[in-house]
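Take a look at the structure set out below.
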Amino acid sequence: MAKNNKSNNKKNCLIGPLNSIERNEKAFQVRLKAAASQMKLPLTKHPCNGDEQLYPTKIGSFSKGLPHNSLGEVDLQAYNQFIKALKTGKKRHFESIPLGGDVKLANPQAVYAFDLAGTDCHNLGIAVPPSFNSAWEAGEMAELYWQALTRDVPFLEYGTNPLTMEAASDLSSFSDFRGPKADGKVTTGTLFRGDTPGDLTGPYVSQFLLKDIPYGATTIIQRYRTTVRGSDHMTSYDKWLDVQNGSTPAAALFDPTPRYIRNGRDLGEYVHQDFSFQGPLSACLVLLSYGIGALDESNPYLKSETQGGFITFGAPHILDLVTKVGRAALEAAWFQKFLVHRRLRPEEFGGRVHNHMIGAQCYPINSELLNSKVICKVFKKFRSYLLPMSYPEGCPTHSAYPAGHAAIAGAGATILKAFFKESFEIPNPVAASSDGLSLLPYSGEPLTIGGELNKLAANISLGRDTAGVHWRSDGIEGM
């Protein structure tokens, strides 16, 4: 008993500006204030493009993995069960969704998740995407066809390759193509690039996807596995229809030599195999290696005579946030994908184009696409009007808008731009050689942290377009 009393009578060694009671009260008030501030936000409206309501057969809506007829149009009973499950959120309704094959839907119930930090994902808005029959949609689909046709053209050769020159000229003819332009025209210098500051400066691929990554006591060289030249999929109608119904196709053929990302095929395969926040995490590790000179000037520890940042405003803080925002971004994207837009994927649209062009069905596809050079070029090469895909399985089984990769990349880039000096010039910039086996020095206009982070986000977002699984607006608005 005496021993226990002695233990209970030990002094409280806590020091600091707040005692335990005061700290508990402060923690409560901080959390309460944060929650109250979110409650005071105006509710966000969520308009859509109206395609689901406009077309009774759901030709403008995502339906991959559900059963389809011979035209690739979804079984309406299955689609209605899908919508019923989304409306109720009940597990038993999700378990009753008829599937057309072995492939399952990609986590639709994630849309009901809550986080304890930040704005609730259901109160984050996004622009309305293009409608099925619009000139905007036609321009985006034409770009995807051209990206498929030019996957094997090295980025270094865009300015001289006949295919990329023809692609730029053709896309310039579309009345509502919204990719970047120079003097009102798509050029080989703007082709397939993003539209944020820095996207049009220097090599196509961001320095953060090329430079060595310091990884603790080792270094990661950014040469990646890619697929062989000409490895395109779902160009025959039977295989396309099987994939829409949820079949699992054979694996792709891989190049035995790892390569730096030097063309669209390599970039598409990088965003096929990457884990969720891989790109922003790699960029963070590269940026941390540049030292305090690369940190944003508002970092409070840069002016301290006695302290350096670590847990706050240092590497652990930045690394935590650049990875943490990935899941929050996905929650926001998934909410829009399943509960608001349900936009069809480009591969589904390609099926509509094919059936329209061969006379199997008549769809309200904008004439600018139907009369374009690019679909004739696709048919001449593949004997179908389907969109050639980089991946044997095509797109994932969640709808197109917005792109999850884009949301993660945009969130990660935003965190990094908050902590690092955007005007800091990247030392010793490089570009991948045309064969992807080496890095070449780049000596053009200086490349900055801010510009190359924007470009990183665009590479990751639009790299999914190059593979055929997303539209440009999925990526741009996702970021």
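The basis for the numbers below is simple: all heavy atoms, side chains too, and nothing from hydrogens, waters or symmetry mates. All residue numbers in this chain count up from 1 along the given sequence.
Sorted by first and then second residue, the salt bridge (charged side-chain N to carboxylate O under 4.0 Å, His left out) pairs with a member in residues 323-339 read Asp115-Arg327, Asp320-Lys324, Arg327-Glu331; sequence neighbours excluded. Residue pairs meeting the salt bridge (charged side-chain N to carboxylate O under 4.0 Å, His left out) criterion with at least one partner in residues 421-432, sequence neighbours excluded, are Glu297-Lys421. Sorted by first then second residue, the salt bridge (charged side-chain N to carboxylate O under 4.0 Å, His left out) pairs that include residues 136-147, not counting sequence neighbours, are Glu137-Arg343, Glu140-Arg343, Glu143-Arg472. For residues 373-390, every residue pair satisfying the salt bridge (charged side-chain N to carboxylate O under 4.0 Å, His left out) rule, not counting sequence neighbours, is listed here: Glu166-Lys377. For residues 179-191, no pair satisfies side-chain hydrogen bond (donor to acceptor under 3.5 Å, both in side chains), with sequence neighbours left out.
Taking all atoms of both residues into account, the shortest heavy-atom contact from Gly279 to Ile460 is CA-CD1, 3.9 Å. Taking both residues in full, the closest heavy atoms of Ile97 and Ala85 are given as CD1-CB, 4.0 Å, listed atom of the first, atom of the second, then distance. The shortest non-hydrogen separation linking Lys455 to Tyr204 is CD-O, 3.4 Å. Shortest non-hydrogen contact noted between Ala411 and Ala329 is CB-CB, 4.0 Å. Nearest heavy atom pair, residue Gly412 against residue Val325, reads N-CG2, 4.0 Å. In plain terms, the two heavy atoms of Leu105 and Lys64 that are nearest each other are CD2-O, 3.9 Å.
The CG atom of Leu321 sits 12.5 Å away from atom CZ of Phe277, with the distance rounded to the nearest 0.5 Å. Note: Thr226 OG1 to Gln273 CD = 10.0 Å, rounded to the nearest 0.5 Å. Note that the CG atom of Asp474 and the NE2 atom of His341 stand 10.0 Å from one another [nearest 0.5 Å]. Taking CG of Asn355 as the reference point, atom CD1 of Ile59 lies at 11.0 Å (rounded to 0.5 Å). Rounding to the nearest 0.5 Å places CG of Leu416 at 8.5 Å from CG of Leu456. Note that CG of Leu86 and CZ of Phe94 are 4.5 Å apart. Values are rounded to the nearest 0.5 Å.
Using cut-offs of 30° and 60° for the angle between ring planes, the Trp334 and Phe338 rings count as tilted. The aromatic rings of His317 and Phe419 stand perpendicular to each other, their planes meeting at an angle above 60°, with 30° marking the opposite boundary. Ring geometry, His354 versus Tyr237: the interplanar angle falls under 30°, so the pair is classed parallel (tilted spans 30 to 60°).
For Phe382, there are no ring pair (Phe, Tyr, Trp, His ring centres under 6.0 Å) partners, not counting sequence neighbours. The salt bridge (Lys or Arg N to Asp or Glu O under 4.0 Å) check on Arg259 picks up Asp255, with sequence neighbours excluded. Under the salt bridge (Lys or Arg N to Asp or Glu O under 4.0 Å) criterion, Lys239 pairs with no residue, sequence neighbours left out. Scanning for salt bridge (Lys or Arg N to Asp or Glu O under 4.0 Å) contacts around Asp51 gives an empty result, with sequence neighbours left out. For Asp266, the salt bridge (Lys or Arg N to Asp or Glu O under 4.0 Å) test picks out Arg262, with sequence neighbours left out.
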Legend entry - Steps toward side-chain hydrogen bond (donor to acceptor under 3.5 Å, both in side chains) verdict (Tyr158, Thr150): CA-CA 9 Å; Tyr158 267 27; Thr150 58; 4.5 Å; no
Inset, instruction - Applying side-chain hydrogen bond (donor to acceptor under 3.5 Å, both in side chains), run through Thr466 and Gln147 and close with a yes or a no. - result: CA-CA 5 Å; Thr466 302; Gln147 285 178 292; 3.2 Å; yes
Inset, instruction - Please test His233 against Ser231 for side-chain hydrogen bond (donor to acceptor under 3.5 Å, both in side chains), starting from the C-alpha separation and ending with a verdict. - result: CA-CA 7 Å; His233 305 276; Ser231 180; 3.2 Å; yes
Inset, instruction - Go through the steps for His470 and Tyr401 under the test ring-ring contact (aromatic ring centres under 6.0 Å, His included), then give the verdict. - result: CA-CA 8 Å; His470 271 296; Tyr401 189 76; 9.3 Å; no
Legend entry - Derivation and outcome, salt bridge (charged side-chain N to carboxylate O under 4.0 Å, His left out), residues Asp199 and Arg193: CA-CA 6 Å; Asp199 275 325; Arg193 294 201 183 212; over 6 Å; no
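No side-chain donor from either of Ser236 and Asp238 sits under 3.5 Å from a side-chain acceptor of the other.
The environment of CG in Leu41 is crowded: more than 12 heavy-atom neighbours from other residues, nucleotides or ligands sit within 6.0 Å. Open room surrounds CZ on Phe310; 12 or fewer heavy atoms of other groups in view lie less than 6.0 Å from it. Applying the 6.0 Å contact sphere to CD1 of Ile220 captures more than 12 heavy atoms from other residues, nucleotides or ligands. Other residues, nucleotides and ligands contribute over 12 non-hydrogen atoms within 6.0 Å of the CZ atom of Phe275.
Two residues are said to be in side-chain contact when any heavy atoms from C-beta on lie closer than 4.5 Å; Ser61 and Leu344 fail this criterion. Side-chain contact between Leu437 and Tyr260 is absent, with no heavy atoms from C-beta onward closer than 4.5 Å. For the pair Ile476/Ser461, no side-chain contact is recorded, criterion being any heavy-atom separation below 4.5 Å from C-beta on. A 4.5 Å side-chain heavy-atom check between Leu370 and Tyr385 finds every atom pair outside the cut-off. In this structure, Met234 and Gln244 have side chains that are in contact, with non-hydrogen atoms separated by less than 4.5 Å. A 4.5 Å side-chain heavy-atom check between His398 and Asn107 finds every atom pair outside the cut-off. Using a 4.5 Å heavy-atom threshold, the side chains of Glu368 and Ser175 count as touching. Taking the side chain as every heavy atom from C-beta outward, Phe313 and Ile318 never approach each other to under 4.5 Å.
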Distance-only check: which donor-acceptor pairs under 3.5 Å involve side-chain atoms of residues 386-393, not counting sequence neighbours?
| unit_1 | atom_1 | unit_2 | atom_2 | d |
| --- | --- | --- | --- | --- |
| Ser390 | OG | Arg151 | NE | 3.0 |
| Tyr391 | OH | Gly268 | O | 2.5 |
| Glu393 | OE2 | His272 | NE2 | 2.7 |

Per-pair distances, 0.1 Å, donor-acceptor, side chain in residues 206-217, under 3.5 Å, sequence neighbours excluded:
| unit_1 | atom_1 | unit_2 | atom_2 | d |
| --- | --- | --- | --- | --- |
| Ser206 | OG | Phe208 | N | 3.2 |
| Ser206 | OG | Glu452 | O | 2.9 |
| Gln207 | OE1 | Val430 | N | 2.8 |
| Gln207 | NE2 | Val430 | O | 2.8 |
| Lys211 | NZ | Pro427 | O | 3.1 |
| Lys211 | NZ | Asn428 | O | 2.8 |

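The cationic group of Arg342 does not satisfy the cation-pi geometry with Phe62, failing either the under 6.0 Å distance to the six-membered ring centre or the 45° limit from the ring axis.
Not one N or O on the side chain of Thr227 forms a donor-acceptor pair closer than 3.5 Å with the backbone of Ala252.
Aromatic pair Phe349/Trp471: centroids less than 6.0 angstrom apart.
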